[in-house]
Each structure stands twice: as C-alpha cells, then as structure tokens.
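For reference, the structure is listed below as structure tokens.
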Amino acid sequence: MWRDKELEGWRRGIDRADTCILKFLGRRFWYVRKIKALKKRNGKLVVVPERERALMADRLKKGINRGLDPLVVLEIWGVIIRKSREVQNE
C-alpha cells in the first residue's frame with residue numbers, strides 16, 4: 001500500500017512539472033507573437049537560420065548538461081521552433 005502512495009506522490013510531482021511546462025510554453029508563444037508584430041512592422045524575415053542554429057545548439061547543450069537525451073531535446077525544440085515559425089507566418 002505504501003508504494004501506491006509513493007507512486008501517487010511522484011505522479012503529482014509530474015503533474016506539477018507539466019503545469020509549469022505549459023505555463024512557460026504559453027509565455028514563450030506570447031513572446032513569439034510580440035516578435036511577429038515587431039518583425040512585421042520593421043519588414044524583417046520570419047526565419048533567421050543563424051538564430052535558429054544558435055538556439056538549437058544552446059538548448060541542446062543545456063539539455064545535455066541537465067542529463068537529458070540529446071535526441072529528445074532536439075525533437076522537442078524542433079517542434080517548438082517549427083510552431084513558432086508557423087505562428088509568425090500566420
């Protein structure tokens with residue numbers, strides 16, 4: 001029985017972490033929309049390959065330093081960047 005309580009405790013921790021992830025994704029996409037407006041106003045390109053490469057390298061390094069699987073970091077950040085581009089192209 002104690003294991004069920006322990007398991008539930010860990011699961012609540014995951015739920016709290018997931019809530020934080022969603023909160024920060026929401027914040028990130030708020031910034032993306034602000035950047036979109038600024039780029040549009042100033043005639044800037046949506047995609048800046050050098051920025052994307054630098055961002056991916058930085059996130060990969062930070063993820064590895066936190067003990068994360070590099071492929072998982074690349075996959076997650078690849079989706080985030082792709083969706084950020086989509087929002088900026090709307």
Please report, to 0.1 Å, the donor-acceptor pairs under 3.5 Å made by any side chain of residues 8-20, with sequence neighbours excluded.
| residue | atom | partner | partner atom | Å |
| --- | --- | --- | --- | --- |
| Glu8 | OE2 | Arg11 | NH1 | 3.2 |
| Thr19 | OG1 | Asp15 | O | 3.0 |

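Checking side-chain atoms of Asp69 against main-chain N and O of Leu71 turns up a donor-acceptor pair under 3.5 Å. Side-chain N or O atoms of Lys36 include one that pairs as donor or acceptor with a backbone N or O of Glu90 at under 3.5 Å.
Residue Val46 shares its hydrophobic cluster (ILVMFWY side chains chained together at separations under 4.5 Å) with Val47. When hydrophobic residues (I, L, V, M, F, W, Y) are linked wherever their side-chain heavy atoms come within less than 4.5 Å, the members clustered with Leu74 are Ile21, Leu25, Phe29, Val32, Leu55, Met56, Leu60, Ile64, Leu68, Val72, Val73, Ile76, Trp77, Ile80, Ile81, Val87.
Atom CZ of Arg27 and atom NZ of Lys23 lie 5.5 Å apart (nearest 0.5 Å). Considering CD of Glu50 and CD of Glu52, their distance stands at 9.5 Å, rounded to 0.5 Å.
Lys83 places a side-chain heavy atom less than 4.5 Å from the side chain of Glu86.
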